[in-house]
Amino acid sequence: SVDTIQLETDPRLRLISVQGGQSTAGPPRVRNDERQTILFSLQQSQQEDFVLEASFYLNQTSGIGNLQLPSLDVIADRVLDRRLGITVSDQLEWRLDVSEEIEEADREQFAEQWGVAETPQRALVLRGGDPEWNLATRYKLPQTTVAAAQDVTIGRFGTDLVYRASITTEGGGLLQMQLLAPADLELSSVSLDNDDGPVPLRLEQAEDGQLMVLLQRPLTGESQLRIEGSVPRESDLLDLPGIHFLAGDVRSREIRLLRRHAMSITLEDVAEHVRLVTEHEEIVSGQAGRLVASFSQLRPADSPSTPAARIRVFSQQPESQATLVSWLSREQNEWIARVDCELHVSSGVMDQLRLEIPEAWAESISVDPPIAVELRQVPGQSRRQLVLTPPHPFEEISTLSITFRVPVATEGFRIPDVMVLDSNRVVRYVVLPDQIDDTLIQWATTGLQRVASLPSALPYQVPRGSSV
């Protein structure tokens, strides 16, 4: 009969609990020496087969690294069989190395025989006195796929970069991101968002341009990374600067080349690993500039630092002259003021025209031909700034008409004072009707000089009964 059960174990093993068909009598006695001895006393002597289940944890050992089989032996006359089931967290990668004395066992039979709730990933039969066994584990390397897009905007004094990446992380948690940026990049903002909102991060920027985005918690699923910054421009001929995602599968990378107003850009060279998608200028919504060209990555570059293109930049403030002719009419209960503008651009690239108008005339504005219109406040003044941006830069000679409407007032009427801000020379004419609807009109003028007619070079006819 059996009254006690004695185990000799690795000293790092710590007993957690004991379960079995036959209860033990009181807590076990533990003696620590070179090997740990654990003695279980049974409440009743056993003469037949029975099961004693003991749970341990391995002290002073991490789940990451190399784990050798801790010794655990039952002191008995004969040991008929020793088996081992292994289960590793799905957050880890692992490899098992065993000696020839260890054989594979059927995992399903192991689970059924020992009443294990889950079938182990490996089941082994341990033969011999001291079989060699080593389990190497490490965190699973997450699989990261990236779809990147980047805007490169060339300005007069520098280049602005906006980098956006849609990141998908599977098979583990991502704790850091590594990117390569220009060494002289001045960062203005870095943000990371997922379905739960902003993700806390810490950024490290090395002198060689390496960017490390360090996360406080593992990142999984879908997330959006955005980086904004600028680099100085020291030459008119430059490689297109960019930001590159490292240590990830970059499935796509789109690049848009834009320019600020009064800038001109030509493509000198396009790299073999990218495809030139478009090469024409257009206004980009939400951007203070124009799209010059766009590129799509065909394959990864030989080196992350390989530029997508080489460009030449020209900066020249436009030289222009504007002639304004203001007309006045009345329809039912509205005054209608039309301002015709003839713009002569003699040099440079003129992307927009800025005018100042009275705030009272800013409520109803139409422009012909239709172009982008923006109204801005003028601080401290009762005037607005009217910004006109055509689809393409103004040509050598451009004409446009701006129409304002205001309700008729009984106390009199003031012709809108429209001022051009972006031309070197401005000539203004006002055509005033002498009467409206058989009613004679007397105009009080200040700073105006009466002329016989409009210059013959202007394509306008002055109506009879009007003064210029």
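FYI, side chains are in, hydrogens and waters are out, and symmetry mates aren't considered; it's all heavy atoms of this structure. Note that the structure is a prediction, hence the values are computed from the model and not measured.
For the pair Glu254 and Arg256, the salt-bridge criterion is not met [side-chain N within less than 4.0 Å of a carboxylate O]. A salt bridge links Arg260 with Asp160: at least one charged nitrogen is closer than 4.0 Å to a carboxylate oxygen. The pair Arg428-Asp417 meets the salt-bridge criterion, since a charged nitrogen lies less than 4.0 angstrom from a carboxylate oxygen. Salt bridge status for Asp239 with Arg310: present, with a side-chain N to carboxylate O gap under 4.0 Å.
With hydrogens and angles left out, the side-chain atoms of Glu342 and Thr323 include no donor and acceptor closer than 3.5 Å. Counted by atom type alone, Glu319 and Asn424 present one or more donor-acceptor pairs between their side chains at under 3.5 Å. A side-chain N or O of Gln352 and one of His261 form a donor-acceptor pair less than 3.5 Å apart. Counting only N and O atoms by type, the side chains of Thr168 and Glu222 include a donor and acceptor under 3.5 Å apart. Remark: the Ser401 side chain and the Asp340 side chain contain an N/O donor-acceptor pair separated by less than 3.5 Å. For the residue pair Thr169/Thr220, the side-chain donor-acceptor check at 3.5 Å is not satisfied.
Between the side chain of Ser326 and the backbone N or O of Val430 there is no donor-acceptor pair closer than 3.5 Å. The backbone N or O of Pro391 lies less than 3.5 Å from a partner atom in the side chain of Arg290, making a donor-acceptor pair. Put simply, the side chain of Thr137 gets close to the backbone of Gly65: a donor and an acceptor are under 3.5 Å apart. Between the side chain of Ser223 and the backbone N or O of Asn194 there is no donor-acceptor pair closer than 3.5 Å. Side-chain N or O atoms of Arg259 include none that pairs as donor or acceptor with a backbone N or O of Ile154 at under 3.5 Å. Remark: side-chain polar atoms of Ser235 are paired, donor with acceptor, to backbone N or O of Leu237 under 3.5 angstrom. Counting only distance, with no hydrogens or angles, the side chain of Thr306 and the backbone of Pro304 share no donor-acceptor pair below 3.5 Å. Side-chain N or O atoms of Glu108 include none that pairs as donor or acceptor with a backbone N or O of Thr119 at under 3.5 Å.
A 6.0 Å sphere centred on CG of Asp236 holds more than 12 heavy atoms belonging to other residues, nucleotides or ligands. Open room surrounds CD on Glu112; 12 or fewer heavy atoms of other groups in view lie less than 6.0 Å from it. Residue-environment remark: CD (Glu268) exceeds the threshold of 12 foreign heavy atoms within 6.0 Å. In this structure, Gln68 places its CD atom where only 12 or fewer heavy-atom neighbours from other residues, nucleotides or ligands lie under 6.0 Å away. The 12-atom threshold is not exceeded at CZ of Arg425, counting heavy atoms of other residues, nucleotides or ligands nearer than 6.0 Å. Atom CZ of Arg14 sits in a crowded spot, with more than 12 heavy atoms from other residues, nucleotides or ligands closer than 6.0 Å. More than 12 heavy atoms of other residues, nucleotides or ligands shown are found within 6.0 angstrom of CD on Gln121. The environment of CZ in Arg450 is sparse: at most 12 heavy-atom neighbours from other residues, nucleotides or ligands sit within 6.0 Å.
A 4.5 Å side-chain heavy-atom check between Leu258 and Asp151 finds at least one atom pair inside the cut-off. Using a 4.5 Å heavy-atom threshold, the side chains of Phe245 and Met177 count as touching. Within the 4.5 Å cutoff, the side chain of Val418 has heavy atoms near those of the Phe404 side chain. Looking only at side-chain heavy atoms (C-beta outward), Val190 and Tyr163 stay at 4.5 Å or farther from each other. Between Gln381 and Glu356, some side-chain heavy-atom pair lies under the 4.5 Å cut-off. Two residues are said to be in side-chain contact when any heavy atoms from C-beta on lie closer than 4.5 Å; Gln317 and Arg156 meet this criterion. Residues Leu135 and Asn66 have side chains not in contact (no heavy-atom distance under 4.5 Å, counting atoms from C-beta outward). Using a 4.5 Å heavy-atom threshold, the side chains of Thr159 and Leu240 count as separate.
Note that the CZ atom of Arg226 and the CG atom of Leu192 stand 13.0 Å from one another [nearest 0.5 Å]. Note that the CZ atom of Phe314 and the OG1 atom of Thr266 stand 4.5 Å from one another [nearest 0.5 Å]. If you take CG on Leu215 and CG on Leu174, they are separated by 6.0 Å, rounding to the nearest 0.5 Å. Residue Ser191 holds its OG atom at 9.5 Å from CD of Gln224, rounded to the nearest 0.5 Å. Between the OG1 atom in Thr153 and the CG atom in Leu291 there is a gap of 9.5 Å [rounded to 0.5 Å]. Once rounded to the nearest 0.5 Å, the distance linking CG of Leu343 with CD1 of Ile397 reads 10.0 Å.
What you find for Cys341 and Leu353 is that their closest heavy atoms are SG-CD2, 4.1 Å. Between Thr87 and Pro120, the closest heavy-atom pair is OG1-CA, 3.4 Å. Of all heavy-atom pairs spanning Gln150 and Gly242, the tightest one is NE2-CA, 3.0 Å. For the residue pair Leu180 and Asp208, the shortest heavy atom distance occurs at CD1-O, 4.0 Å. The two residues Ala181 and Ile243 come nearest to each other via the heavy atoms CB-CG1, 4.0 Å. Closest of all the heavy-atom pairs between Ile371 and Thr389 is CB-O, 3.7 Å.
For Glu104, the side-chain hydrogen bond (donor to acceptor under 3.5 Å, both in side chains) criterion is met by Arg122, not counting sequence neighbours.
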query = Given the rule in the side-chain contact (heavy atoms from CB on, under 4.5 Å) test, do Leu388 and Leu355 qualify, once you have shown the distances and angles that lead to the verdict?
reply = CA-CA 8 Å; Leu388 306 178; Leu355 305 98; 3.7 Å; yes
- Item | salt bridge (Lys or Arg N to Asp or Glu O under 4.0 Å) between Glu359 and Arg383, intermediate numbers included | CA-CA 5 Å; Glu359 189 165 13; Arg383 295 176 65 80; over 6 Å; no
- request: Begin from the C-alpha positions of Val199 and Leu219 and carry the test side-chain contact (heavy atoms from CB on, under 4.5 Å) through to its verdict.
  value: CA-CA 9 Å; Val199 178; Leu219 184 69; 4.2 Å; yes
Self-check item: Derivation of the side-chain contact (heavy atoms from CB on, under 4.5 Å) call for Leu203 and Leu214
Solution: CA-CA 6 Å; Leu203 183 71; Leu214 306 175; over 6 Å; no
Verdict with reasoning, Asp249 to Val146, per side-chain contact (heavy atoms from CB on, under 4.5 Å):
CA-CA 6 Å; Asp249 182 8; Val146 180; over 6 Å; no
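Listed by first and then second residue, the side-chain hydrogen bond (donor to acceptor under 3.5 Å, both in side chains) pairs that reach into residues 171-184 are Gln178-Gln210, sequence neighbours excluded.
When each of Ser398, Ser347, Ser423 is tested with Ser320 by the rule side-chain contact (heavy atoms from CB on, under 4.5 Å), just one qualifies, namely Ser423.
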